[in-house]
Protein chains: 2
Amino acid sequence: MGRRSDHTREELHAMIVREGHRQLSEVGFARFSAREVAKRIGYSIGTIYNVMGSLDALMLAINGHTLDLWRAALEDRLAGQSENRLAQAIAAYFDFASHHRHAWTALYDFRLPENEVPPPDYTARVTAITDVVVREVAAALPPARRAEAQPLARSLLATVHGHCFFALNGTFRLLGETDPLAAALARVEDAISAH
Amino acid sequence: MGRRSDHTREELHAMIVREGHRQLSEVGFARFSAREVAKRIGYSIGTIYNVMGSLDALMLAINGHTLDLWRAALEDRLAGQSENRLAQAIAAYFDFASHHRHAWTALYDFRLPENEVPPPDYTARVTAITDVVVREVAAALPPARRAEAQPLARSLLATVHGHCFFALNGTFRLLGETDPLAAALARVEDAISAH
DNA sequence: GAAGAAAATGAACACCGTCTAATTCTTAAA
DNA sequence: TTTAAGAATTAGACGGTGTTCATTTTCTTC
């Protein structure tokens, strides 16, 4: 068959990403399949490849969509809040991860082949989230130390990520930690106080 | 064929795990294949399944082996050190991860199906590593606060993990962080000081 | 030697990502 | 209106995967 008048190329691209995200959220990265996405949207596997190029490109697009949702959730949570903004941001971090387990986990399960580099629009999405955190860390620091916000924010992002990761992958359960969010908040507080 | 006089069942099990670990270290989790392991040790795919039971069981055994090596590397590094032991342990954490990239990453890439639970001998290996950290954290705390060592150690483990993970997966490079180990050490120092 | 147990096999199955020749539809020119 | 060009879509082929299990081979024991 040829063109289908009901979908432009762009709409089809969006359909694939949305349905891919849906499927990823349901079955997780390990069981994700491009063929299944094709089946669900009523196109053949070949079309997925024509539109997306490769499975890696599809995964990047899906993870990019997850990052968009994540940043939106972060900013929604912060909107209008004037106190404890950093703590709110961290809670939102945990919230998103646990409400979107599979999609969030896939951000880290999927990796491009050794030498390849992610496209600019993907890295832009990562830095967009980081920038939100940098802003809040800067606001939490005494004015004289605001210059240190960027490196500190990177480090605190890693700190929170580690706690969130251990919370979701079962490590904390195994080790008897029952309140991972509180632990993460405590570590961030330690760091901010030290500055 | 039947028995091969040159390998007991136990030796064969060990061969599979060792060769599996070798292959995993070379190609990484995404490209790991049980069939390839069989080919390499000169047995058929069926034998792998007879001996290991399933791919999941094989992965658990391989990851268990990685954990053994990791703990050994940790304890080797600490042996005889009397100063900065906690910092040494963290450096060893980073060292092992970067010298065994693929094997270390596979510890977190691989996940058992939703409901299943890891076998006791696997969780024992995880807690064995944790215990080393708990010990060192306890030693770094003032005697009056040693009771808090366990929860704090869990949290610091997550902190260091997050930094190590971001260092290896490229997030830190993307964000401009050039010394992830130093950042991790700084966060741990902040936490210890706060106690 | 024969019999039984243990070990090892490899073909069969249902998936997967990837590629490409062939097909179908749309559009614009003649 | 017919037709040629071009874009979109398909389906099948290919080589790979994990998994199962009836069958074959080997070893041990009597």
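FYI, side chains are in, hydrogens and waters are out, and symmetry mates aren't considered; it's all heavy atoms of this structure.
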(request) Could I get the full list of ring-ring contact (aromatic ring centres under 6.0 Å, His included) partners for Tyr93(A), not counting sequence neighbours? (result) Trp70(A)

(request) Name the orientation class of the two ring planes belonging to His161(B) and Phe165(B) (parallel below 30°, tilted from 30 to 60°, perpendicular beyond 60°). (result) tilted

(request) Whole angstrom is fine here: how far is it from CD1 in Ile45(A) over to P in dG15(D)? (result) 18 Å

(request) Specify the separation, in whole Å, of atom NZ of Lys39(B) and atom C1' of dG15(D). (result) 11 Å

(message) Strictly below 4.0 Å, N to O, side chains only: are Asp190(B) and Arg187(A) in salt-bridge contact?
(response) no

(message) Suppose we call two aromatic rings close when their centres sit under 6.0 Å apart. Are His163(B) and Phe94(B) close by that rule?
(response) no

(request) Taking only the side-chain nitrogens and oxygens of Arg31(A), find out if one of them lies under 4.0 Å from OP1 or OP2 of dT17(D). (result) no

(request) Give me the residues of residues 46-54 of chain B where at least one heavy atom lies under 4.0 Å from an atom of DNA chain C, by number, or none. (result) Gly46(B), Thr47(B), Asn50(B)

(request) Compare the minimum distances between each of dG18(D), dT9(C), dG17(C) and the side chain of Leu55(A), then state the nucleotide with the smallest one. (result) dG17(C)

(message) At less than 4.0 Å, is any side-chain N or O atom of Tyr43(A) found next to OP1 or OP2 of dT9(D)? Yes or no.
(response) yes

(message) Heavy atoms only, 4.0 Å cut-off, all strands: where does Leu12(B) land among base, sugar-phosphate and nothing?
(response) sugar-phosphate

(request) To the nearest Å, give me how far apart CZ (Phe32(A)) and P (dC15(C)) are. (result) 17 Å

(request) Give the intermediate values and the outcome of ring-ring contact (aromatic ring centres under 6.0 Å, His included) for residues Phe32(B) and His102(B). (result) CA-CA 10 Å; Phe32(B) 178 83; His102(B) 285 147; over 10 Å; no

(request) Could you state the atom-to-atom distance from CD1 of Ile16(B) to P of dA7(C) in whole Å? (result) 13 Å

(request) Could you check how far CE of Met59(B) sits from P of dT17(D), rounded to whole Å? (result) 15 Å

(message) Does atom CD (Glu10(B)) have a neighbourhood of more than 12 heavy atoms from anything else shown, all under 6.0 Å?
(response) no

(message) Between the side chains of Arg22(A) and Glu26(A), is the shortest nitrogen-to-carboxylate-oxygen separation below 4.0 Å, so that they form an ion pair?
(response) no

(request) Just compare dG12(D), dA8(D), dA7(C) and give me whichever is closest to any side-chain atom of Arg9(B). (result) dA7(C)

(message) Categorize Ser33(B) for me: base, sugar-phosphate, or nothing, with a 4.0 angstrom heavy-atom threshold over every strand shown.
(response) sugar-phosphate

(message) Looking at dG15(D), I'd like to know if its phosphate oxygens (OP1 or OP2) sit under 4.0 Å from a side-chain N or O belonging to Arg35(B).
(response) no

(message) Could you tell me how far apart Leu58(A) (CG) and dG17(C) (P) are, to the nearest whole angstrom?
(response) 9 Å

